[in-house]
Amino acid sequence: MSDNNVEMLKRVYAGFNARDIDAVLAVLSDDVAWANGMDGGHVNGREAVRDYWTRQWAVISPHVEPVAFAETEDGAVAVEVIQSVFDLDGQPLQGQTHGLKDKTVTHIFRIEGDKIIRFYIRDAR
């Protein structure tokens, strides 16, 4: 796992938490497959990721904190992440109907060159 990939992913998390969509989209491939943590499945392409996050941030305020980076056997980057989800007033969620909640998850990134081509989520082990 390259230090460049780890640094890029740290910038991705910082950009997401700051709601800097353009900074994050800049490192995604044009046809990225991105996990939809709210509804399940994936969205495909940068503009679909923009639409997904815009929709997500209109109803909740998620925060993701990477705590560990590791390379998987097949060369992807696995990031252990503490995911916290708040309402738009910064309060803990109650009675949410989407799939996002406070928990530790593993984010898996497939990177080619300097672009993320695929992102998916699995529950931490």
Side-chain angles (χ1 to χ4, degrees):
M1 173 176 52
S2 81
D3 289 342
N4 289 342
N5 286 347
V6 170
E7 290 307 312
M8 175 182 64
L9 292 174
K10 286 179 180 179
R11 288 191 307 274
V12 164
Y13 286 107
F16 177 86
N17 289 332
R19 307 299 183 253
D20 186 353
I21 293 176
D22 292 325
V24 178
L25 294 180
V27 298
L28 305 184
S29 69
D30 291 339
D31 60 349
V32 66
W34 194 270
N36 180 332
M38 281 182 61
D39 306 313
H42 282 80
V43 296
N44 295 291
R46 280 192 214 146
E47 288 310 306
V49 173
R50 179 189 301 278
D51 293 344
Y52 163 59
W53 281 344
T54 300
R55 215 172 25 88
Q56 183 183 90
W57 295 337
V59 295
I60 60 170
S61 182
H63 180 86
V64 285
E65 187 67 35
V67 293
F69 295 82
E71 187 170 351
T72 65
E73 290 179 8
D74 62 355
V77 179
V79 185
E80 182 180 349
V81 176
I82 298 171
Q83 170 182 288
S84 303
V85 185
F86 304 95
D87 68 19
L88 296 179
D89 295 321
Q91 300 301 309
L93 285 179
Q94 296 179 2
Q96 68 267 25
T97 58
H98 50 73
L100 295 175
K101 60 183 179 179
D102 291 358
K103 62 182 177 178
T104 299
V105 296
T106 301
H107 290 169
I108 308 293
F109 294 90
R110 297 221 170 273
I111 300 168
E112 286 185 3
D114 60 353
K115 299 289 184 187
I116 297 168
I117 63 167
R118 182 170 173 81
F119 163 76
Y120 58 97
I121 304 166
R122 72 173 187 231
D123 285 334
R125 296 173 197 206

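We're numbering straight along the sequence, starting at 1. Side chains included, hydrogens not; waters and symmetry mates left out as well; all remaining heavy atoms used. Note that the structure is a prediction, hence the values are computed from the model and not measured.
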dist Asp51:CG -> Arg46:CZ (nearest 0.5 Å) comes out at 14.0 Å
Can you name the side-chain contact (heavy atoms from CB on, under 4.5 Å) partners of Ser29, sequence neighbours left out?
Asp31, Val32, Lys115, Ile117
May I ask you to decide if the ring planes of Trp57 and Trp53 are parallel, tilted or perpendicular, using 30° and 60° as cut-offs?
parallel
For the OG1 atom of Thr104 and the CD atom of Glu65, what is their distance to the nearest 0.5 Å?
11.0 Å
Inter-residue atom distance Phe86.CZ - Ile60.CD1, 0.5 Å rounding:
11.0 Å
Atom CG in Leu28, atom CD1 in Ile21: separation rounded to 0.5 Å?
11.0 Å
When rounded to the nearest 0.5 angstrom, what is the spacing between CZ in Arg19 and OG in Ser61?
4.5 Å
Hey, could you give me the CG/CD1 distance between Asn5 and Ile111, rounded to the nearest 0.5 Å?
4.0 Å
If you compare all heavy atoms of Phe16 against all heavy atoms of Pro62, which two are closest, and at what distance to 0.1 Å?
CZ-CG, 3.7 Å
Under 3.5 Å, is there a donor-acceptor pair linking the side chains of Asp74 and Thr72?
yes
Heavy-atom closest pair (Val12 atom, Val24 atom, distance to 0.1 Å) is O-CG2, 3.6 Å
Contact check, side chains of Gln83 and Ile121, non-hydrogen atoms, under 4.5 Å
no
Do Tyr13 and His107 have their ring centres less than 6.0 Å from each other?
yes
Any Met8 side-chain heavy atom under 4.5 Å of Val77 side chain
no
